[in-house]
*Asks:* 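Dumping the structure here so I can ask a few things about it.
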Amino acid sequence: MDTKQEKEIVEFWEKEKIYKTDLSNKNLFPIDTPPPTVSGAMHMGHAFSYSQQDFIARFHKMKTGVFYPFGTDDNGLPTERLVEKINNVKSKNMSRKEFIELCLKTLKKITPAFVQDWKNLGMSCDFEMSYSTIDKNSQKISQKSFIELYKGGEIYEKKVTTIWCPECQTAIAQAELEDKKLSSLFSTLKFSCDGKDLLIATTRPELLPACVAVFVNPDDKRYTKLIGKKAKVPFFDYEVPIIADKSAEMEKGTGVLMICSYGDRFDVDAINRHKLKPNVILDKNGRLTEGKYKGMKIKEARKKILEDFKNMNLISEQKEISHVVNVHDKCGTEIEFIPTEQWFIKIIDKKKIFIEQGKKIKWYPEFMHKRYDNWVNGLEWDWSISRDRHFGIPIPVWKCDKCNELIFPSEKDLPVDPLEIKKKCPKCNSLAVPESKVLDTWATSSLTPQIASSLVNDKIKLPFSLRPNAHDIIRTWAFYTIVKSYLHKKQIPWENIMISGIVSLGGEKMSKSKGNVIAPQNIIEKYGADALRFWAAGSKLGEDLDYQEKDLVTGKKVINKLENAAKFVFMNLENYRGEKPKKLEPLDELFLSNLNEVVKTITESFETYEYNKARAEIENFFWKYFCDNYLEMVKKRVYQGTGEKKLSAQYTLYNSLLTILKLIAPIMPFVTEKIYQNYFKKNEKVKSIHLCEWPEFDKKKKFSKDFDILIEDLTIVRQEKSEKKLSLNSPIEKFTTPNHKIILSYLDDFKSASGAITIDLGKEHKVNFPKAGTEKVE
RNA sequence: GGACCUGUAAGCUAGCGGUACAACUGACUCGUUUACACCGAGUAUUCCGAGGUUCAACUCCUCGCAGGUCCACCA
């Protein structure tokens, strides 16, 4: 099995439409596949988590059938940047419509190569059933969602002070924030009160002209006398009130806190709480709008003002501190707080409901549910869904300046770009102003179940059976999807959610920014996708896995063993055409009953998302039971045997190998397909192993532990031989065992594998070699 | 600071209230059979620490130590 063969199999699947959705099947298991962002290529984390979801998908495909589409997320900043780069354009210089058209065109060109990685990994999605979050259909669904929610009173527009990214020049959501450790200058400035110095420490001196108040802790004896008085802002020369507020921590800085509009989120709260009048001095580009430093960018102004203060001796102390600031996760820029008009979806009033909705979903693993609860409980703001970006799905609304009327397009006209269409106000007939903002990308990707079901004319309804979700986007993708599903349909979007862990390298998360990434494409090239998938099945769902290249060897060995076992089996099945003997030999019966138990265990494991258990179980059964012991015991019977006894072995070999292949097919789709095509297809009618039905557990079959006893005794024989440094096929004169009675039931096969001539009953195991037996036997 | 997760052989991971047959990789010692040296057999080493519950704890509880993830902290 090599990479070339894997690629041929991918082509075979595609050509034969093995993964085509069968809509006539009423029991489909619908999966809300995560759409990866088209930028760069598939990384190890993808390979890991998509493999894991594919194990489950393939299992359900064989069991009942799946609805398993594939999408790409092309609606955010990464796509915008990529398209700009590829076409060497600036979106700002184009109309939004033009740019989106260019995106669609570019994506059409680059998406196939991008998606190929997922195909090469062996994903069993129906790739003909695919969407992009920026395509016309997604735009339509997203805009429709906006209109519906607005009309239902769940969306409002408001001028509020929100998180603003001066680099991307857009409002962003709480969920898009990231922490970044920075070192800053912590300067103690000389304010004054009653002619005396009042020292205040800050890292943001450029906001001094926006200072609206000074807080001291009411319990802080140093400053109680000052409460109610005015503090004079140095250099800018104006006065602000000194207010008692518990939020001022006595130990921090000088214990005096300056409140600016707006230095951080805390300032926003403080100003609202004390009904202070803000004086905003930052514009949307992050430049100062007033005074001596007008037009300067924040950092530039900060530097300049500190220089000036130094010269005027207004700084009493200065030190470097290391502190953590919020940055925009897309660009790493420190965020600001600026009052702007934005659209919001009401979520704060429904926190309890969302917790309830979360409880209705089964979380795998269970503890991930707590992360969801944690996030919902910690929410402080409504979901800001508008972005002041050029690229994205337009907010479908026009506003009449005169009568404040909002005008929405009718559903049949969707998708629309308001900037491209002139609308008149139905009340006053004056020209309405088109909304220029676009929707947050999550406002669209939170609709993936609806987008997916639209691909089949809504024949697949919510809730879906499964959402595979990365752990770090529980707070965004999972949460927002639950929100939208509730707001639109008052229901949960899916019954189950499975959450994968992360891939680490030497204990650290593999990530581009840390530079410790390993390309899965190279691993597939070297070891094959099956080996990579086998590796990904090696840890529990939700657990992190430390990557080591040598672990790929394990999977590679299993692939090899499977191929060799198949080769051996079919070497002895030359004239076998699937016939069943009248009566099975006891050993064959016994082995099949053991296999039946394995079918049960593995089925249950996949049903509960414990693919790792399934992997361990099937690997162990195949290797230890089938290869090392069953094959060893029946070898001579198929080589030299005749008639019914031989036929019984052939029947058992054929059927147990086929069952084993099916059980391992969800994890290793390539090698199982190859073996199936090479050996089984001519007898079985089904054209791919992945279209075969999942093996059924037969309740009537009696399970017996005898096989374990046979293994136990064989092991003792082997141990003895090993200790005596004899070859494993050397004969034994007499084997004494307490399991005498059981062995007798399978006598010939046991003798064949052990080399024993007679079997005796005895309290303890004993192996008697022929007289010359201490020597090596010719 | 809060929430959650993790701590098992040299390494990566399972597992379970009743001796870890621990599995796999690696090491070492043997063997090699009409599928397989990407093979077979064997050997060695072990449940982070301290308490508690229990007849019995690697497993449950508490505390501690260490690592991780997400959130908060941003004067």
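Keep in mind that this is a model prediction, so the values were computed, not measured.
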*Asks:* Got a list of protein N/O to nucleotides 17-22 of chain B N/O distances below 3.5 Å?
*Replies:*
none

*Asks:* Quick one: list whatever passes salt bridge (Lys or Arg N to Asp or Glu O under 4.0 Å) with E334(A), sequence neighbours left out.
*Replies:* K299(A)
*Asks:* Distance check needed: U34(B) C1' versus F568(A) CZ, whole Å only.
*Replies:* 8 Å
*Asks:* Could you list all the salt bridge (Lys or Arg N to Asp or Glu O under 4.0 Å) pairs where at least one residue sits in residues 541-559 of chain A, not counting sequence neighbours?
*Replies:* K526(A)-E549(A)
*Asks:* Do H328(A) and T333(A) have side-chain N/O donor and acceptor atoms under 3.5 Å apart?
*Replies:* no
*Asks:* Tell me the interatomic distance from L505(A), atom CG, to G11(B), atom P, rounded to whole angstroms.
*Replies:* 16 Å
*Asks:* As a quick check of understanding, evaluate salt bridge (charged side-chain N to carboxylate O under 4.0 Å, His left out) for E604(A) and K613(A), giving each step before the final call.
*Replies:* CA-CA 10 Å; E604(A) 286 168 356; K613(A) 217 167 162 183; over 6 Å; no
*Asks:* Could you tell me if D373(A) and N377(A) have a donor-acceptor pair between their side chains, going purely by distance under 3.5 Å?
*Replies:* no
*Asks:* Taking the six-membered ring for Trp and the single ring otherwise, decide whether the centroids of F707(A) and F591(A) are under 6.0 Å apart.
*Replies:* yes
*Asks:* If you take any heavy atom closer than 4.0 Å to RNA chain B, which residues from residues 537-552 of chain A end up in contact?
*Replies:* G538(A), S539(A), K540(A), E543(A), D544(A), L545(A), D546(A), Q548(A), K550(A), D551(A)
*Asks:* Quiz question: by atom type and distance under 3.5 Å, do the side chains of T737(A) and D713(A) form a donor-acceptor pair?
*Replies:* yes
*Asks:* Could you write out RNA chain B as a dot-bracket string, with dots for unpaired bases, | for bases paired across to another strand, and Watson-Crick or G-U pairs counted at under 3.5 Å?
*Replies:* (((((((..((.(....[...).)).((((((....).)))))....(((((..]....))))))))))))....
*Asks:* Go through K674(A) and E6(A) one step at a time and tell me if the salt bridge (charged side-chain N to carboxylate O under 4.0 Å, His left out) criterion holds.
*Replies:* CA-CA 9 Å; K674(A) 181 184 170 189; E6(A) 281 192 352; over 6 Å; no
*Asks:* With a 6.0 Å cut-off on the ring centroids, do W164(A) and F337(A) count as close?
*Replies:*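 Here the rings of F337(A) and W164(A) have centres that are no less than 6.0 Å from each other.
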*Asks:* Students often get this wrong, so: under 4.0 angstrom with heavy atoms, is A248(A) touching a base, only sugar-phosphate, or nothing?
*Replies:* base
*Asks:* Rounded to whole angstroms, how far apart are CG on N564(A) and C1' on C36(B)?
*Replies:* 4 Å
*Asks:* Verify salt bridge (charged side-chain N to carboxylate O under 4.0 Å, His left out) between E336(A) and R204(A), making sure each step is shown before the conclusion.
*Replies:* CA-CA 12 Å; E336(A) 294 297 334; R204(A) 310 249 356 225; 3.1 Å; yes
*Asks:* Y576(A) and F570(A): aromatic ring centres closer than 6.0 Å?
*Replies:*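 No, they do not, as the ring centres are separated by 6.0 Å or more.
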*Asks:* Going by heavy atoms closer than 4.0 Å, what residues in residues 376-384 of chain A are next to RNA chain B?
*Replies:*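 Listed by number, there are none.
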*Asks:* With a 6.0 Å cut-off on ring centres, are F354(A) and F479(A) close enough?
*Replies:* yes
*Asks:* Near RNA chain B, under 4.0 Å by heavy atom, which residues of residues 206-217 of chain A?
*Replies:* none
*Asks:* Hey, what are the protein-to-nucleotides 27-29 of chain B N/O distances that come in under 3.5 Å?
*Replies:*
none

*Asks:* Mind checking if K252(A) touches a base, just sugar-phosphate, or nothing, with heavy atoms under 4.0 Å?
*Replies:*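 Counting heavy atoms under 4.0 Å across all strands, the contact made by K252(A) includes a base.
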*Asks:* Could you note down all residue pairs passing salt bridge (Lys or Arg N to Asp or Glu O under 4.0 Å) where residues 531-542 of chain A supplies at least one of them, sequence neighbours left out?
*Replies:*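 Checked against salt bridge (Lys or Arg N to Asp or Glu O under 4.0 Å) - neighbours excluded - the pairs reaching residues 531-542 of chain A are D54(A)-R533(A).
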*Asks:* Expressed as a whole number of Å, how far does the P atom of U25(B) sit from that of G64(B)?
*Replies:*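 These two P atoms come out 40 Å apart once rounded.
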*Asks:* For S504(A), answer base if it contacts any base atom (sugar-phosphate contacts may also be present), sugar-phosphate if it contacts only those atoms, and nothing otherwise; contact means non-hydrogen atoms under 4.0 Å.
*Replies:* nothing
*Asks:* Among C36(B), C74(B), C70(B), find the nucleotide with the atom closest to the side chain of F266(A).
*Replies:*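 So the side chain of F266(A) is nearest to C74(B).
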*Asks:* Would you confirm whether the ring centroid of F55(A) sits within less than 6.0 angstrom of the ring centroid of Y611(A)?
*Replies:*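 Yes, ring centres under 6.0 Å apart.
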*Asks:* To the nearest Å, give me how far apart NZ (K567(A)) and C1' (U34(B)) are.
*Replies:*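 Roughly 12 Å, once rounded to whole Å.
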*Asks:* Once you round it to whole Å, what is the distance between C1' of C30(B) and CZ of R718(A)?
*Replies:* 15 Å
*Asks:* Kindly say if W623(A) contacts the phosphate of G40(B), meaning a side-chain N or O under 4.0 Å from OP1 or OP2.
*Replies:* yes
*Asks:* Which residues, if any, of residues 625-641 of chain A bring a heavy atom under 4.0 Å of RNA chain B?
*Replies:*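 Heavy-atom contacts with RNA chain B come from C627(A), D628(A), L631(A), E632(A), K635(A), Y639(A), Q640(A).
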*Asks:* To check you understand the geometry: which heavy-atom pair defines the closest contact between N279(A) and A210(A), and what is its length?
*Replies:*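 Here N279(A) and A210(A) meet closest at O-CB, 3.3 Å.
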*Asks:* For the side chain of V325(A), starting at C-beta, report the closest nucleotide among A35(B), C74(B), C24(B).
*Replies:* C74(B)
*Asks:* Under 3.5 Å between N/O atoms: give me all the protein pairs with nucleotides 1-4 of chain B, atom names plus distance.
*Replies:*
residue : atom : partner : partner atom : Å
A3(B)   : O2'  : N374(A) : ND2          : 3.1

*Asks:* Nearest whole angstrom, please: distance from the C1' of C30(B) to the CD of E720(A).
*Replies:* 14 Å
*Asks:* Listing request: all side chain to side chain donor-acceptor pair (under 3.5 Å) pairs with a residue in residues 628-642 of chain A, at least two apart in sequence or in separate chains.
*Replies:* D588(A)-Y630(A), D588(A)-R637(A), N629(A)-R718(A), E632(A)-K635(A), R637(A)-D749(A)
*Asks:* Main chain of I348(A), side chain of D382(A): is a donor-acceptor contact present, judged purely on distance under 3.5 Å?
*Replies:* yes
*Asks:* So that I know where these two stand, are W535(A) and Y527(A) an aromatic pair - ring centroids less than 6.0 Å apart?
*Replies:*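 Aromatic pair excluded; centres sit 6.0 Å or further apart.
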*Asks:* Is any side-chain N or O of K557(A) closer than 4.0 Å to OP1 or OP2 of C39(B)?
*Replies:* yes
*Asks:* Using atom C1' in both nucleotides, what's the gap between C60(B) and A23(B) to the nearest angstrom?
*Replies:* 26 Å
